[in-house]
Amino acid sequence: MRIKELLNLRFSAAMQAAGIPSECSPTLALSGKPQFGDYQANGAMGAAKRLKTNPRELAAKILENLDLDGIADKLEIAGPGFINIYLSNDFLANSVAQSAVKLKKNANPQTVVVDYSSPNLAKEMHVGHLRSTIIGDSIARVLEYQGHKVVRQNHMGDWGTQFGMLIAELEQHLGEGEQAALALNDLEVFYQQSKKHFDEDPGFADTARAYVVKLQSGDQHCRTLWQKFIDVSVAHNLEIYKELNVGLSREHIMPESAYNNDLQNVLDDLTAQGLAVESDGAKVVFLEELADKNGDPSPMIIQKSGGGFLYATSDLAAMRHRVNNLHADRILYYIDARQSLHMKQVFTAARKAGYAAQTVSLEHHPFGTMMGKDGKPFKTRSGGTVKLADLLVEAVERAERLIREKNTDLDDQEINLIARKVGIGAVKYADLSKTRTNDYIFDWDAMMSFEGNTAPYLQYAYTRIRSIFRKAGIDPQSFSAEINIVEPQEKTLTMKLLQFEEIIDQVASEGYPHILCNYVYELASAFMSFYEQCPVLKDDVAKETQNSRLQLSKQTSETIAQGLDLLGIEVMEKM
RNA sequence: CCGCCCAUAGCUCAAUUGGAUAGAGCAUCCGCCUUCUAAGCGGAAGGUUCCAGGUUCGAGCCCUGGUGGGCGGACCA
C-alpha cells in the first residue's frame with residue numbers, strides 16, 4: 001500500500017478537473033508537524049505560479065474536485081497554499097491490515113548487475129572494503145525483494161602489476177625450502193616483505209616486472225605461483241563475507257583475470273572505430289565529452305607503452321560482458337568516490353563505442369572515504385590499515401562483554417549467537433546509516449555504544465515484541481486481528497508501517513541504504529513509544545484492544561525484521 | 001593549472017530532493033523499573049545551516065563569487 005501514490009492519483013485527477021495542466025505535480029509529502037495534518041499537497045503553489053493566479057484560490061478549486069471519501073477526515077488550506085490532509089483512522093487501520101511484507105512479484109523485472117566489494121587480492125581485506133561490500137549487498141537484497149533479477153559481480157583485482165612482485169617473492173621463499181601455505185599465512189606481512197624487496201633491490205624489481213608480463217602472457221610457472229595467492233586470498237575473503245552475512249560466494253567472483261583474453265579485442269575494436277589512438281607510445285582514448293574549460297579532452301589510457309593493459313581496459317571488457325552476456329538493463333558500481341573520473345571515462349567511452357546502449361542504465365554509486373577521529377584517513381596507531389577480520393573480532397567481543405553485563409539467564413551458546421548478531425550488526429549499521437557519498441568518521445566508541453540509533457536498538461525492539469508473544473503463548477504467524485486505532489502512539493506506528501514500500505522504492509532507485517536505516521529506526525522508535533504507552537497483556541486491557549495491539553506489534557516485528565534483513569542484519573528472539 | 005566532492009547543535013549524523021517553527025543519537029541536566037526485557041521511555045538545554053550576494057510566495061538544498069578542507073587529472077587500481 002503506497003499512500004503517497006494513492007493521494008497523488010486523487011490529487012492529479014482533481015487538479016486536472018480544476019483545469020490545471022498535467023505537467024504540474026501535486027507534490028505530496030509527509031507533514032513535518034502534527035498541526036499540518038498527516039500528509040500535505042504542495043502543488044497548488046507551483047501551479048498557481050504557472051497560471052499566474054492566487055494559490056489559495058487555486059487550492060480551494062482543487063479541493064472542490066477532490067474525492068478522498070473514506071480516506072481523509074479533514075482537509076484544510078494553510079499558509080500560502082498548502083493543502084493539509086488528515087487521514088481517517090479507519091482507512092489507516094484497514095490499509096495496514098492489508099499490507100504484508102513479503103517478496104514482491106514484479107510486472108517489469110529488470111536484470112540488474114551489481115558490482116560490489118571487488119577487493120584486491122593478495123592482501124587481506126581492510127576497513128576500506130567495508131562500504132562497498134555491505135552497501136552493495138544491501139542494494140542487491142532490496143532489488144531482489146522487489147522482484148528484479150540481480151546478478152552480483154565481485155570484480156576482484158587479481159591481475160595487477162603487484163603480482164609480479166609477489167610471485168618473485170614467493171619463488172624466493174620456496175627456493176629456501178619453505179612451504180607455500182606457511183609463507184602465505186599472513187598475507188599482509190608477506191606483501192610488506194615483497195614491497196620492501198622491490199623498493200630496495202633493483203635486481204628483484206626487474207625480475208618482478210618481467211614476471212608481470214610472463215604471467216599475463218600465460219607462462220605456466222608464474223601462473224602456478226599466482227594461483228597459490230588467489231586460493232589463499234579468495235578463501236580469506238569468503239570467510240569475511242560469511243562472517244559479515246554478505247551474500248557473496250564463489251559463483252559471484254568475476255575477477256579481472258577473467259577478461260584477460262578479451263583485452264586485446266577491446267583495444268582492436270576501439271582502434272578500428274578510431275576511438276583509440278597512439279600517443280607517446282601508448283594507446284589512448286581522448287574524450288572531448290569530458291574536456292575541461294581549455295578544450296583539452298580527457299585522456300583514458302587503454303594500453304601502456306610497454307604493451308600492458310590497465311583497469312580501464314578490463315572495465316570496458318567487463319561492461320561488454322555484462323551487457324551482451326548477462327543482458328543487464330542496469331549496472332550499478334559501488335566504487336570509491338575517488339574513482340569518479342575513471343567511471344565517467346569508462347561510461348562515456350562505452351557509450352561511444354556502442355558497448356552499452358542508451359537503454360542500459362550505467363550508474364556509479366560512489367561512497368566517501370573512512371576517516372579517523374582526527375579527520376584524516378583512518379589508520380591504526382602504527383599507521384597501517386585496519387584489517388576487517390580484526391575489526392569484526394573486536395566487535396563481537398565487545399558485544400559479548402555487554403551481554404554478560406546485562407544478562408544472566410542465557411547460556412554460553414545463546415550468548416555467542418547473540419554477540420555475533422549484535423556485534424556484526426552494529427558495525428554494518430554504523431556504516432549503512434550514513435549518507436553514502438560523504439566521507440565519514442570511524443569511531444569505535446560511537447559504533448559500539450549500542451545505544452540510540454544503532455542496530456542493537458532495532459534488534460532490541462524486535463526482541464521486545466517476540467517476548468510479548470512468548471509471554472502470551474501466541475504464535476504470531478497464525479495470529480490475526482482487527483486493528484482499532486485509539487491512542488496517538490497507535491496512529492503514529494500505523495502510519496510508519498504504511499511507509500515501508502515507498503521507502504524501498506526510493507532505496508532501490510537511488511541506492512542509498514541510509515534511507516532504509518532511518519526508516520527502520522523511526523519505526524522501532526514509534527514502537528518503543530507505543531510499548532511504553534499502550535500496554536498489551538496487562539489485566540485491565542480489554543480483549544479487543546489487546547488483539548488490536550497484538551496485531552500492530554506483529555506487523556511491526558515483521559517489518560523490522562524485513563527491513564533489517566534488507567540491510568543484511570539479523571534479528572534474534574532474546575537479547 | 002584544470003576538474004569533482006564536502007562544510008548543519010560541543011561530537012557523530014538526518015532533513016521525504018525547493019515547503020511551513022532545521023530534526024535524531026551521543027555528551028550535559030531533570031524525571032520514570034513490585035506491572036509485557038531500563039540495550040528503554042518522557043522532558044530540558046543546545047543553531048547566524050562556513051561567508052557575501054542573487055533567483056521567488058518560500059532556500060540548508062538552486063545560481064554567482066569567495067573562505068576552509070578532502071580527492072582526482074596520461075602509463076597503479
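Since the model is a prediction, treat every value here as computed from it, not as a measurement. Chain letters run A, B, ... following the sequence lines, proteins first, then strands; residues in each count from 1.
Using bins of under 30°, 30° to 60° and over 60° for the plane-to-plane angle, the ring pair A:Trp226/A:Trp159 lands in the perpendicular bin. Ring geometry for A:Phe479 against A:Phe469 counts as perpendicular: the plane angle is over 60°, on a 0 to 90° scale with 30° as the lower cut.
As judged by a 4.0 angstrom heavy-atom cut-off over every strand, A:Glu502 is placed among residues making no nucleic acid contact. Using a 4.0 Å heavy-atom cutoff across all strands shown, A:Ile465 reaches no nucleic acid atom at all. Nucleic acid contact for A:Glu573: base, since at least one base atom lies under 4.0 Å from a heavy atom of the residue. Using a 4.0 Å heavy-atom distance criterion, A:Leu402 is classed as a base contact. Backbone-only engagement by A:Met528 is indicated by non-hydrogen atom pairs under 4.0 Å involving sugar-phosphate atoms exclusively. At a threshold of 4.0 angstrom between heavy atoms, the contacts of A:Ala78 include nucleobase atoms, whether or not backbone atoms are also involved. When heavy atoms are screened at a 4.0 angstrom cut-off, A:Met575 is found touching base atoms of the nucleic acid. Among the heavy atoms of the strands lying under 4.0 Å from A:Phe286 is at least one base atom, whether or not backbone atoms are also near. Among the atoms of the strands shown, none is found under 4.0 Å from any heavy atom of A:Cys517.
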Scan nucleotides 25-32 of chain B against the protein and return all N/O pairs shorter than 3.5 Å with their distances rounded to 0.1 Å.
none

Taking only N/O atoms, report every protein-nucleotides 15-18 of chain B pair under 3.5 Å with atom names and distance.
from	atom 1	to	atom 2	distance (Å)
B:A15	OP1	A:His514	NE2	3.1
B:U16	O2'	A:Lys4	NZ	3.3
B:U17	N3	A:Glu510	OE2	3.4
B:U17	O4	A:Glu510	OE1	2.1
B:U17	O4	A:Glu510	OE2	2.9

Show me the protein contacts with nucleotides 75-77 of chain B, counting only N or O atoms at under 3.5 Å.
from	atom 1	to	atom 2	distance (Å)
B:C75	O2	A:Ser305	N	2.7
B:C75	N3	A:Ser305	OG	3.4
B:C75	N4	A:Asp280	O	2.8
B:C76	OP2	A:Lys304	NZ	3.0
B:A77	OP2	A:Tyr311	N	3.4
B:A77	O3'	A:Glu256	OE2	2.9
B:A77	N6	A:Tyr311	OH	3.2

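Separation of the P atoms belonging to B:G46 and B:C32 is 24 Å when rounded to the nearest angstrom. Comparing the same atom, C1', in B:G60 and in B:C50 gives a spacing of 12 Å after rounding to whole Å. Spacing of C1' atoms, B:C11 relative to B:U64, comes out at 33 Å, to the nearest Å. To the nearest whole angstrom, the two C1' atoms, one in B:C51 and one in B:C71, are 24 Å apart. Comparing the C1' positions of B:C30 and B:G19 gives a spacing of 35 Å, expressed to the nearest Å. Rounded to whole Å, the separation between the C1' atoms of B:C61 and B:C6 comes to 14 Å. Between B:A27 and B:A22, the two P atoms lie 26 Å apart (nearest whole Å). B:A52 and B:A59 have their P atoms separated by 15 Å, given to the nearest Å.
In this structure, A:Tyr440 places its OH atom 17 Å from P of B:C6, rounding to the nearest Å. Here B:U37 presents its C1' atom at 13 Å from CE of A:Met572, a figure rounded to the nearest Å. Across the protein-nucleic acid pair, A:Leu287 atom CG and B:G73 atom C1' stand 13 Å apart, rounded to whole Å. For A:Tyr460 and B:C36, the OH to C1' distance is 11 Å, given to the nearest whole Å.
Where pairing requires Watson-Crick or G-U contacts shorter than 3.5 Å, the helical stems of RNA chain B with at least three consecutive pairs are B:1-7 with B:67-73, B:10-13 with B:23-26, B:28-32 with B:40-44, B:50-54 with B:62-66.
For residues 533-548 of chain A, the set of pairs meeting the side chain to side chain donor-acceptor pair (under 3.5 Å) definition, not counting sequence neighbours, is empty. The stretch residues 337-348 of chain A participates, sequence neighbours left out, in these salt bridge (Lys or Arg N to Asp or Glu O under 4.0 Å) pairs: A:Asp336-A:Arg338.
For A:Glu57, there are no salt bridge (charged side-chain N to carboxylate O under 4.0 Å, His left out) partners at least two apart in sequence or on another chain. Partners of A:Phe36 by ring-ring contact (aromatic ring centres under 6.0 Å, His included), not counting sequence neighbours: none found. By the ring-ring contact (aromatic ring centres under 6.0 Å, His included) test, A:Tyr334 pairs with A:His365, sequence neighbours left out. Looking at residues two or more places apart in sequence or on another chain, you find no ring-ring contact (aromatic ring centres under 6.0 Å, His included) involving A:Tyr39.
A salt bridge links A:Glu501 with A:Arg2: the distance from a Lys NZ or Arg NE/NH1/NH2 to an Asp or Glu carboxylate oxygen falls below 4.0 Å. With respect to A:Arg549 and A:Glu490, a salt bridge is recorded, a charged nitrogen being found less than 4.0 Å from a carboxylate O. A salt bridge does not link A:Arg420 with A:Glu400: every distance from a Lys NZ or Arg NE/NH1/NH2 to an Asp or Glu carboxylate oxygen is 4.0 Å or more.
For B:C41, the OP1/OP2 oxygens have a side-chain nitrogen or oxygen of A:Tyr457 closer than 4.0 Å. Contact annotation: A:Ser340 side-chain N/O to B:C71 OP1/OP2 distance is not under 4.0 Å. Phosphate contact (OP1/OP2 of B:C1, side-chain N/O of A:Lys293, threshold under 4.0 Å): absent. Contact check, A:Ser467 against B:U37: a side-chain N or O comes under 4.0 Å of OP1 or OP2.
Between the side chains of A:Asp315 and A:Tyr259, not a single donor N or O lies within less than 3.5 Å of an accepting N or O.
For B:U17, the base is syn relative to its sugar; the glycosidic angle is within 90° of 0. Here B:C33 is in the syn range [glycosidic angle within 90° of 0].
Side-chain proximity of A:Gln35 to B:C36, B:A39, B:U21: nearest is B:U21. Relative to the side chain of A:Asn294, the nucleotides B:C2, B:G70, B:U37 differ in distance, and B:C2 lies closest.
Residues A:Ser138 and A:Leu432 are in side-chain contact: their nearest non-hydrogen atoms beyond the backbone lie under 4.5 Å apart. No side-chain heavy atom of A:Leu263 sits under 4.5 Å from any side-chain heavy atom of A:Ile302.
The backbone N or O of A:Ile253 sits nowhere less than 3.5 Å from a side-chain atom of A:Gln153 that would complete a donor-acceptor pair. Side-chain atoms of A:Ser314 come within 3.5 Å of backbone N or O of A:Tyr311 as a donor-acceptor pair. Using a distance-only test at 3.5 Å, with no hydrogens or angles considered, a donor-acceptor pair links the side chain of A:His364 to the main chain of A:Ile335.
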Return a table of donor-acceptor pairs under 3.5 angstrom between the side chains of residues 514-522 of chain A and protein atoms on other chains or two or more places apart.
from	atom 1	to	atom 2	distance (Å)
A:Tyr519	OH	A:Lys496	O	2.6
A:Glu522	OE1	A:Lys496	NZ	2.7

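Taking CD1 of A:Ile468 as the start and CG of A:Leu537 as the end, the distance is 6.0 Å to the nearest 0.5 Å.
Sorted by residue number, the members of residues 537-553 of chain A with any non-hydrogen atom under 4.0 Å from RNA chain B read A:Leu537, A:Lys538.
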